[in-house]
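The structure appears below as C-alpha cells.
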Amino acid sequence: MSESLYQEIILDHYRNPHHKGLREPFEAEVHHVNPTCGDEVTVRVHVADGVVKDVSYDGVGCSISQASTSVMTDLVIGRPVDEAMSKADAFLELMQSKGTLEPDEDALEDGIAFAGVSRYPARVKCALLGWMAWKDATAQALAATEKEAS
Amino acid sequence: MSESLYQEIILDHYRNPHHKGLREPFEAEVHHVNPTCGDEVTVRVHVADGVVKDVSYDGVGCSISQASTSVMTDLVIGRPVDEAMSKADAFLELMQSKGTLEPDEDALEDGIAFAGVSRYPARVKCALLGWMAWKDATAQALAATEKEAS
Amino acid sequence: MTTLLPDLTTTPYDVEAIRRDFAVLSREVNGRPLVYLDNASSTHKPRQVLDAERAFVEQHYSNVHRGVHTLSQEATAAYEAARATVAAFIGAQHDEVVFTKNVTESLNLVAYSLGNPGSPMTLGHGDEIVVTEMEHHSNLVPWQMLCERTGATLKWFGLTDDGRLDLADGVITERTKVVAFVHQSNLLGTVNPLPELVRMAKAVGALTVVDAAQSVPHMPIDVAALGVDLFAFTGHKMLGPTGVGVLWGRNELLSSLPPFMGGGSMIEVVEMAGSTYAPAPERFEAGTPAISQAIGLAAACDYLGAIGLDRIAAHEAALTATLLDGLRRISGVRVIGPDSMESRGSAVSFVVDGVHPHDVGQTLDEIGIAVRVGHHCAAPVCKRYGVPATTRASSYAYNTEAEIDTLLDGIEHVKRFWGVS
Amino acid sequence: MTTLLPDLTTTPYDVEAIRRDFAVLSREVNGRPLVYLDNASSTHKPRQVLDAERAFVEQHYSNVHRGVHTLSQEATAAYEAARATVAAFIGAQHDEVVFTKNVTESLNLVAYSLGNPGSPMTLGHGDEIVVTEMEHHSNLVPWQMLCERTGATLKWFGLTDDGRLDLADGVITERTKVVAFVHQSNLLGTVNPLPELVRMAKAVGALTVVDAAQSVPHMPIDVAALGVDLFAFTGHKMLGPTGVGVLWGRNELLSSLPPFMGGGSMIEVVEMAGSTYAPAPERFEAGTPAISQAIGLAAACDYLGAIGLDRIAAHEAALTATLLDGLRRISGVRVIGPDSMESRGSAVSFVVDGVHPHDVGQTLDEIGIAVRVGHHCAAPVCKRYGVPATTRASSYAYNTEAEIDTLLDGIEHVKRFWGVS
Ligand SMILES: Cc1ncc(COP(=O)(O)O)c(C=O)c1O
Ligand SMILES: Cc1ncc(COP(=O)(O)O)c(C=O)c1O
C-alpha cells in the first residue's frame, strides 16, 4: 500500500500526538467543528513578542485531523507569527493542490506526508481543521494583545 | 399526404362551418378558452323537452377547433340530450385513444375524420374545445330549466 | 431467520446476470475488484437505463407539452408514458405523479405549498408539525424552515435504544397539522410502522407526508393501499439517473394545493396582473422538466419490475442477515440501529471501537470496498446514539454474499491496521 | 447587414461537420429530412455531451460531497470540475455557480430566498418589483407569487410597437427593490439594453436579476463585466441535458441570501431544534444534485467553446438575416418583434394572415419542418401585439441556409394549402 493515504509519519503523529493537552497561559482559545464528520478541536494560543510561544489543543477526530494538528504544533511553536502564518499558507496551498504540488520539505517538514490527502477532497477538511483553528485563535490573540497595548 | 391530419372533411367544415353564429333562444351560454393557444369559443344551447333544439356558437381558433365545433353541432342538434351526450362521450373516447381506436362511423359521422388528431396530444384539446363547451352549456341549461320547473 | 425469506432455490436469483448490466461493477479500485456497498447513498445504473435515455435523446428529443411538431409530440408521449410507468410501479394513477429533481425537492414542494397563500391549511402559532428524530435532513430542514416562516412548532418522536421510533403519547395532538416521517431510515435501516403512524395522524386529521427515498427502491409498494397523503422518492437510489424525483399524491389533494415554483407549463392563464394555475401534476412542474431523466427512471422501474421487487427484497434480506451475523462475531463492533432482521432494510450502520469512521471508510477503500462514513445527512441520529459519525454498508440487487464476506474480512483488516484488535 | 458579421470566409464555419455530431439531424419526419428550427425551446445534444455523461456514469458514478471512497472522490471531483468549466464559460469564479434543475428553479430560488426570513431586503407593502412585459412566465410568475406572499407591488416596462422595451420614466422608483428582466426575449428575439437597465436599477439601489436563458447559448458572455447581481440560465437550450440549470451570483451576495430549499448538503450543523447553513454554492444545492447532467452541461460548454460563441453568433445572424429578408418578401406575413438585425437574436416570431399558428406549425411539420407555435410561455407578449399565438422559427449552431430556404418555401406552401395566397 505504497500509495496509501496513511503514511507512516501520519500514523506516528496520530498514535503519539505532539503538544497535545490544553495548557496555560493563552490569549485566545477557539473551538472548531467539521460538521460533515463531527471532528472537533479546541486550540489555545500563547503569543508574545510576535512569537508563537505555545499552542495547546484537545480534540476528537480521525487520524488525519489529529495527526495534522500535531504536525502543525511542531511547525509553528517557537516561530515568529509571520513565519508560522506562511507555513499555514504553504500547508493550505498543498491541501488545495489536488495532488499536483511537490511539497516543500524544508518548509513543511513532517507536513509533506499529507501531500496525498490533497487528492481526497473529503479529507482535506480534516487535514485543515487544526490549522484553521490555529489561524483563527492566533488572529484573536493578536487582536487581544493589541487591544491591551493600546 | 394521405396521413395528413387535415382530412378533406375537416377542411370542408373549417371553410364552411355549419350552424355558426349566435342565435336565440337559449337557456345557457358559455365561453371556453384553450389557454395554451388562445383558441376561444362561445356556445349557446337551447334545450326543450329533453331534446337539443339548437346549438349556436362563435369563436376564433385553429382549423381543428373550428371544424370540430361545426361537426359537433351537426351531431347533437335535434337529438335527445342523452343521445347527444353519448356522442360527446364517444368523441372524447376517440380523442383519448392515441390513434388506437377504430372510430364508429354510425355514431360519429363526419367526426371520424378527427381520428388522426388523437395521435397529436397537443391538438386533442383543440378538437375537444367546442364539445366541452357544449357539455358545460347543456348541463347549465338543464339545471336552469329544472330550477324553473321546480 | 431463513423462514422470513421466500424460497430462492426454486426461482434462482441470477445476481451474476444482473451484475453484467452494470459496467462499473467490473472496475478495480486500488488494485482490487470494486465492492460497492454505498447503495443507500446512490445506486449505479444498468445499461438498459442508459440506453433508454440515449435512444430517446438521439431520435425523439424535443421540449415537451408545448409544440405540435413531430419531435415535440414524440417527446411528450415518451415523457407521459414515463409518468405512467412510474405511477404503475407504485400502484398509482398517471395524474398522481409529479416529477421533481429529487426527493428533497418533493418534500420542499410540500412544505412550501402548505405555507403559501391558498393553502388548504392555515399554519401559525399554536399549530404543530410532527417529524421523527430519524429523519434525513431533507425531511427535517424543510419543516424547520416552514415553522420559521409560519410560527408553527416542530415536534418529533424520539428513538429507542435499539433504533426504533418511540411512539410516545402526546407528540401528536389536536394541534398537529402535518405528520412527516421517513418510511425506512437511511442511517439505521429501520422500517417504520407506517400503518400505526397513519392511524395516529388520521385520528387528529393531520396530513401524512412520507419520505420513501429508501423504501421504494427496496420493497414492493402499493401506494394507494397505504392510506398516506403524500409520498416522495428519488430516482438515483433506484437505478435511475440523477436529476429526477417523484412526489405522489391523489389528484384531488395535489390540485387543491397552491403552487410551489412559478413558471412555464404550470400555468393556465397568465396576465401581467396575475395568473391562474394548471391542475396537478403540471401545476408542480414549472419549467422544462427532467425529460430524459424521467424516461431513464421509467426504464429503471421496468428493470426492477422485471427482476421483481419481492425477490430483490429477499436477496437483500439474505445479504443483510449475513452482514449482521458477521458483525456480531467481530469484537469491538457495534451496530447503530436494529440488530435483528425484523422491520429493517439493508442499510447497516456500525462503529468500530477506537477507529474513527473516516479511517474505517478510507482503509476499506484502500482494499476496494466502498462504504459511506459520516452522519449520512441525519446528524440528529448520530447525536442520539452518542457517536460523531458511523460507517454504513448498504446492499442492493447486484451485491453478492461474497462481497459481504469481503467486507467482513475488511473490517478485521481495519482493526489490525489501526491496532485495535 | 453583412458588415455586422465577422468574415466567415477566412475562418470557414463547418456546419456540416457540426451536424454530424447530432444523430437526430439525419432523421426524417413525415418522409422529409428533419428541419429543426425550434431551438429557442430546446436544442439537441451532440454525441460529445452524451458520451461524457455516459463515460462518467459507467466508470466514476457515485453520490458527491459525502464520501471518502474512491468513486465518491472521483464523482465529487468531476462534479466540481463541471462547475469550474461552466463558471469559466461565463467568465465567473467556481464558487459563484449554483447548479439548479433549470432556469425556472434558478429564478424561483431568488424570488423565494428574497422573501424568506433572513433576507437582506425586507419586502412588504409599498415595495416594488419591476419586470418587463416581455418576460417568459418563468421570470414573471415567481415575482407575482413573491408579491402575493409579501404584499409588494409588481410593476413592468411595456413594449413598443417594434418589439423593444419602452424604458419609460417612473417605472423604476426609489421604492424599487428588484429589477428582473430577460436578456434576450424568447418570443420577440429582442436583445434588451442590459447596461441601461443595470444603470437604472443601480441608481435606486435595486437588485438586478437577469433571465439569460436565451443569451448564454447564443453570445459570448463575461458575466463579471455586466454589472448585474444575479444571472440565470438553463442547460437544455445550449446543447446540454435536461435537468440542469445555473444561477450565478458573486459569492458574497449568494452567501448573504437565506436558503431556498432545505435538505442534505446545504447545511452546516443540524439539530432537531434548528439548523445552520453552508455557504454558497452548497447552500442552494439541497439534496443530491443533477450530477451527470452537470457533467453533460460542462461538456456542452466545451463543445460550444471549441466552435466559438462569436462564430456561432455570426452564423446565427446570417441565418436570421436571410429569414427576415425572406419573410419580408412573403405577402400576408407579419413579424412580431424587431424586423431588423439590430440587437436581436435568432428567434423570429411571425403570423400568417388567415392561418392560425397551430395550422401553420402543423402544416410545416407535415413537410418535416419543426417550428414552435403558441404563446411560447410569454402570453402577455401575444396579448400586447393582439395575436392569440405566433409561429416561431429559431436557429442555432447546426442550422443551414438551405434549411432557412426550406422554411421560406414551406410558408409559401402553407399559404397555398390554406388558400390565403
Ligand atoms: C427567456 C426564457 N426564460 C426562461 C425559460 C425557461 O427555461 P426552463 O424551462 O429551462 O426553466 C425559457 C425557456 O423555456 C426562456 O426562453
Ligand atoms: C431517507 C432519505 N431521504 C431523503 C434523501 C435525499 O434524497 P435526494 O438527495 O435524492 O433528494 C435520502 C438520500 O440521500 C434519504 O436516504
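Chain naming here is simple, since letters A, B, ... match the order of the sequence lines and numbering starts at 1 in each.
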Non-hydrogen atoms of chain C under 4.5 Å away: do they reach the side chain of [X], the backbone, both or neither?
X: D:Ser106; value: neither
X: D:Pro259; value: both
X: D:Thr43; value: backbone
X: D:Val103; value: neither
X: D:Glu271; value: both
X: D:Ile291; value: both
X: D:His376; value: neither
X: D:Leu364; value: neither

Find out whether the Lys NZ or Arg CZ of C:Lys45 is both under 6.0 angstrom from the six-membered ring centre of D:Tyr61 and within 45° of the ring's axis.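 The answer is yes; both the distance and angle limits are met.
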Between atom [atom1] of [X] and atom [atom2] of [Y], what is the distance when rounded to the nearest 0.5 Å?
X: D:Leu109; Y: D:Thr104; atom1: CG; atom2: OG1; result: 12.0 Å
X: C:Cys377; Y: D:His65; atom1: SG; atom2: NE2; result: 11.0 Å
X: D:Asn116; Y: D:Phe260; atom1: CG; atom2: CZ; result: 8.5 Å

Among side-chain atoms of [X] and [Y], is any donor-acceptor pair under 3.5 angstrom?
X: C:Asn63; Y: C:Thr288; result: yes
X: C:Glu53; Y: C:Ser292; result: yes
X: D:Asn39; Y: D:Ser394; result: no

Is there a side-chain contact between C:Pro258 and D:Glu148 (heavy atoms, below 4.5 Å)?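 In short, these two side chains do not touch, never coming nearer than 4.5 Å.
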Closest-packed option against chain C by number of heavy-atom pairs under 4.5 Å, given [options]:
options: D:Pro142, D:Gly118, D:Ala379, D:Ser26; value: D:Pro142
options: D:Gly368, D:Gly361, D:Ser275; value: D:Ser275
options: D:Ala370, D:Gly243, D:Ala378; value: D:Ala370
options: D:His375, D:Met145, D:His69, D:His236; value: D:His69
options: D:Val29, D:Val57, D:Leu50; value: D:Leu50
options: D:Glu133, D:Glu105, D:Arg149, D:Met266; value: D:Glu105

Note: vs chain D, highest number of non-hydrogen pairs under 4.5 angstrom among C:Glu58, C:Lys101, C:Met272, C:Gln293 is C:Met272
Contact leader toward chain D among C:Val244, C:Leu71, C:Leu154, where contacts are heavy-atom pairs under 4.5 Å: C:Leu71
Taking 4.0 angstrom as the limit, do D:Asp51 and C:Arg54 come out as a salt bridge?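 Salt bridge between D:Asp51 and C:Arg54, a charged N being under 4.0 Å from a carboxylate O: yes.
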Could you walk me through whether D:Tyr79 and D:Phe99 satisfy the ring-ring contact (aromatic ring centres under 6.0 Å, His included) test, starting with their C-alpha distance in whole Å, then the side-chain angles of each, then the deciding distance to 0.1 Å, before giving a yes or no? CA-CA 10 Å; D:Tyr79 179 68; D:Phe99 283 124; 5.4 Å; yes
Given a strict heavy-atom distance threshold of 4.5 Å, which part of [X] is in contact with chain D: side chain, backbone, both, or neither?
X: C:Glu74; result: side chain
X: C:Val371; result: backbone
X: C:Asn30; result: side chain

Show, in sequence, the C-alpha distance, side-chain angles and deciding distance for D:Cys382 and D:Leu187, and conclude whether the side-chain contact (heavy atoms from CB on, under 4.5 Å) test is met. CA-CA 9 Å; D:Cys382 289; D:Leu187 192 149; 4.0 Å; yes
